[in-house]
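Before any comments, here is the structure.
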Amino acid sequence: MSEDKKESLNFIEQIIEEDLKSGKHDGRVLTRFPPEPNGYLHIGHAKAICINFETAKKYGGKTNLRFDDTNPTTEETEYVDSIQNDIKWLGYDWNGEAVYASDYFGQLFEFAVKLIKKGLAYVDDCTADEIASMKGTPSIPGQDSPYKSRTIEENLDLFQRMKNGEFADGTRVLRANIDMTSPNMLMRDPIIYRIKKEHHHRTGDQWCIYPMYDFAHGQSDSIEHITHSLCSLEFIHHRPVYDWFIEKLEIFPSKQTEFARMNVEYMITSKRKLLKLVNENYVSGWDDPRMPTISGMRRKGFPAAAIRNFCDKAGVAKRENTIEISLLEACVREELNKTALRAMVVLDPVKVVITNYPEGQTEVLHAENNPEDLNAGHRDLLFGRELYIEREDFMENAPSKYFRMTPGADVRLKHAYILHCTDVEKNEAGEVTTIFVTYYPNSKSGEDVSGIKPKGTLHWVGAKDATPCQVRMYDRLFTVPDPTVDENKDFLEFYNNKSCQIVSNAVMESSLKKSKPGTQYQFLRQGYFCTDIDSNSDMIIFNQTVGLKESYSKEMKK
RNA sequence: UGACCCAUGGUGUAAUGGUAACACACCGGUUUUUGGUACCGAUAUUCUAGGUUCGAGUCCUAGUGGGUCAACCA
């Protein structure tokens, strides 16, 4: 194999390779994924996970999983579990045990004391409103708090008493002593500790003061000796704060690098909006197959490898971007084409009777499970005089480019025989009730000597084999690619009320009866589907993952 | 009346001062017992204006456009 194709690096890899070249950190690479345990992971998190884990892996490094649990009001253990489960499912293992920012509360407190002793932090007695009004605006400098000039001794005493629980919530905060006139709002003496007499999911009631993000994140990175702290662009203004604390505290110099988060058409990632979809029953839950959550995509049948591949193909840069949903779907099809077992399911059955096939006779046909993977084996199909085909695969007066069943024409049944349509029976409403055909006995799949070359091949289910099942067909959750683009309209105005359509009269080949939840299939000529967890012994339920590429419908539109 | 980030086909991402390429989408074709897959081909790209240079998508300046920043959230 020749390696003449020079591999291109994204800007993060370029930074790392420069660091490696200069011998920084002895060539060590350690990244981290720092979720706050207050919600479920979604496609945006998947992107961040892939960037952090894949980048580290590429350079022989590791990735820490650290829960950023500095706000006891919103965080819960339930999320800790689901987040770990989702990351593992995506295919990643973190470095050692999961860690928590709350593991460092003691250390962080000492860091704060150190800052106070250096005259770089002070206790502010102002109210939240007062602090906000003295903060200025992006274009107007802020003003110093009247408490900024307290002595070190007084600050030390007050901070200790904050910790001891002597003051009520909101009465005092600890602030970094930086610069109230900075053009960067975040450098205007950011609050670093606040009083919250609340129960923490891990530390219980041990603490009543909690560090803010800016005083926890960078220091946690530093404590863990993270070399490359990769985060999204919205944190770029925090970097001077991040660096300031590390410099003043004289601790390990982790470096933050920001990349543009990935937006995907028809997917929203706002926690508030996703919660609304769940709470107001627009979806069945966080793992509804229409949700952009990792659990939703998993239930829909998206393979982890496809999501990883998608994140890779979407690339990494610093500009705003919206990835077309077709790229995700292409990645899903690419993966599933290689791995999904083939099966036949008729969604809207219409009965076919083979008039020259002996009544009562049946035969077993052998069908490959996956033409892309011969190791996938074969299964049996039960063929007989009566069977079902798709209603839309029959047309009484068909145009010339219709290659399916129509009176007078030949059409192949996949893995079976070639049929010749002779007659059709309709009810009073004009609906087709039964199609009559003859078959060519010498046209059996694999041993066809009929010489007939039909243009079309149909999927089918034998009447004696047919087993009822439920199929849930999914479409995009919204009617427009970005339902949040118009600030004057609620995103729910763009909810697609046809996003989930339940097909309840479908029939499947009986081999599917023993299907386990999560198994992925390609239903021939229909698309990819996976068995839903709601399935039981009475009824198997399938979720549509994604359709097949369809050139016929495009042809028909012309 | 500020600071910071960004600008390459329809959408993304490359090109690291030297022929603007790759993927997806779109269009056309070949193969096919899935109108799938596979394969082949077509269309289409450097925000504007100056400057540096033999040479600029790349470096500099200005402009234009987009994004971000004023939670005791992360």
Side-chain angles (χ1 to χ4, degrees), chain A residues 6-10 14 34-36 38 68-71 73-75 101 124 126-128 131-133 135-142 169-175 182-188 191-196 209-210 212-214 216-217 231 233-240 258 260 262 265 271 310 313-331 333-334 337-338 342 344 371-372 401-404 412-416 418 443 445-446 448 453-459 522-528 547-556:
Chain A
K6 200 167 66 180
E7 186 206 14
S8 65
L9 303 175
N10 66 45
Q14 288 172 29
E36 182 186 10
N38 72 345
D68 231 332
D69 57 349
T70 56
N71 184 358
T73 323
T74 55
E75 295 151 4
D124 195 333
C126 289
T127 64
I131 289 175
S133 67
K135 202 138 201 170
T137 73
S139 54
I140 299 172
D169 284 15
T171 54
R172 283 185 168 85
V173 291
L174 185 70
R175 290 231 256 172
S182 170
N184 180 348
M185 297 292 293
L186 295 167
M187 290 289 272
R188 319 242 264 228
I191 291 168
I192 59 182
Y193 262 98
R194 76 283 214 191
I195 302 169
K196 266 180 189 273
I209 54 171
Y210 292 93
M212 298 287 289
Y213 168 84
D214 279 317
H217 196 92
C231 63
L233 234 35
E234 58 200 294
F235 290 98
I236 197 162
H237 303 293
H238 292 256
R239 192 169 64 210
E258 311 84 12
M262 176 181 72
E265 286 180 346
K271 215 167 273 179
F310 169 66
K313 284 185 169 169
V316 189
K318 295 180 79 166
R319 60 170 154 162
E320 287 281 306
N321 63 82
T322 301
I323 313 294
E324 289 176 332
I325 193 78
S326 59
L327 180 63
L328 212 204
E329 293 173 343
C331 291
R333 287 192 194 100
E334 182 186 24
N337 179 51
K338 293 184 293 190
R342 312 292 131 123
M344 293 198 284
E372 309 289 326
K401 284 188 175 173
Y402 187 83
F403 303 145
R404 309 179 188 183
R412 151 96 46 200
L413 248 30
K414 182 73 181 177
H415 298 127
I418 298 172
S443 66
S445 235
D448 180 6
K453 299 285 177 199
K455 282 248 175 129
T457 302
L458 307 184
H459 62 280
Q522 183 196 107
F523 291 167
L524 253 40
R525 304 207 308 132
Q526 301 282 11
Y528 296 97
L548 252 24
K549 282 183 80 174
E550 240 281 61
S551 49
Y552 174 70
S553 57
K554 283 179 197 162
E555 183 74 27
M556 284 298 100

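The model shown is predicted, which means the values in this text are computed figures rather than measured ones. In what follows, chains are A, B, ... by sequence order, proteins preceding strands, each numbered from 1.
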Looking only at heavy atoms, what is the nearest atom pair of A/Cys126 and A/Asp124, with distance?
N-OD1, 2.8 Å
Who are the side chain to side chain contact (heavy atoms under 4.5 Å, CB included) partners of A/Asn321, not counting sequence neighbours?
A/Ala260, A/Met262, A/Ile323
Protein-to-nucleotide contact annotation, 5' to 3' order, nucleotides 56-70 of chain B [B base; S sugar-phosphate only; - none; under 4.0 Å, heavy atom]:
-----------SBSB
Partners meeting salt bridge (Lys or Arg N to Asp or Glu O under 4.0 Å) with A/Asp68 (sequence neighbours left out):
none
Cation-aromatic face contact A/Arg525/A/Tyr552, 6.0 Å, 45 degrees
no
OP1 or OP2 of B/rA3 sitting under 4.0 Å from any side-chain N/O of A/Arg239?
no
Base, sugar-phosphate or nothing for A/Met262? Non-hydrogen atoms, less than 4.0 Å.
nothing
Pick the closest RNA chain B nucleotide for A/Thr322 and for A/Arg172 by heavy atoms, then say which residue is nearer the 5' end.
A/Thr322
Grab the stems for RNA chain B, please: at least three consecutive Watson-Crick or wobble pairs, both distances below 3.5 Å, written as range with range.
B:2-7 with B:64-69, B:10-13 with B:21-24, B:27-30 with B:38-41, B:47-51 with B:59-63
Need one value for A/Phe235: base, sugar-phosphate or nothing, where a base atom within 4.0 Å counts as base even if backbone is also close, heavy atoms only.
base
Protein-nucleotides 17-21 of chain B N/O pairs closer than 3.5 Å?
none

A/Ala128 near the nucleic acid: base, sugar-phosphate alone, or nothing, with a heavy-atom cut-off under 4.0 Å?
base
Contacts of A/Asp169 that satisfy salt bridge (Lys or Arg N to Asp or Glu O under 4.0 Å) - sequence neighbours left out
none
For A/Arg333, check salt bridge (Lys or Arg N to Asp or Glu O under 4.0 Å) against everything at least two apart and list the hits.
none
A/Phe403 meets the ring-ring contact (aromatic ring centres under 6.0 Å, His included) criterion, sequence neighbours left out, with none
List for me each residue that meets ring-ring contact (aromatic ring centres under 6.0 Å, His included) alongside A/Tyr528, sequence neighbours excluded, and say none if there are none.
none
Which part of the nucleic acid, if any, lies within reach of A/Ser182 when heavy atoms closer than 4.0 Å are counted: base, sugar-phosphate only, or nothing?
nothing
Between CG of A/Asn337 and CZ of A/Arg342, what distance do you get to the nearest 0.5 Å?
5.0 Å
Base contacts versus sugar-phosphate-only contacts with protein, heavy atoms under 4.0 Å: please encode nucleotides 30-45 of chain B as B, S and - from 5' to 3'.
---BBBBS--------
Does A/Arg412 reach the main-chain N or O of A/Ser443 with its side chain, forming a donor-acceptor pair under 3.5 Å?
yes
Can you tell me, in whole Å, how much space there is between the P of B/rU31 and that of B/rC26?
22 Å
Between A/Ser139 and B/rA3, does any side-chain N or O lie under 4.0 Å from OP1 or OP2?
no
In whole Å, measure the gap between the P atoms of B/rA20 and B/rG63 for me.
31 Å
Span that lies between the C1' atom of B/rC69 and that of B/rU46, in whole angstrom
30 Å
Identify the heavy atoms of A/Glu36 and A/Glu75 that sit nearest to each other, and give their distance.
OE2-OE2, 2.7 Å
Hits for side chain to side chain contact (heavy atoms under 4.5 Å, CB included) against A/Pro141, two or more places apart or cross-chain, chain-then-number order -> A/Thr181
With a 4.0 Å cut-off on heavy atoms, is A/Gln14 in touch with a base, just the backbone sugar-phosphate, or nothing at all?
base
Residues two or more places apart in sequence or in another chain: which of them pass ring-ring contact (aromatic ring centres under 6.0 Å, His included) with A/His237?
none
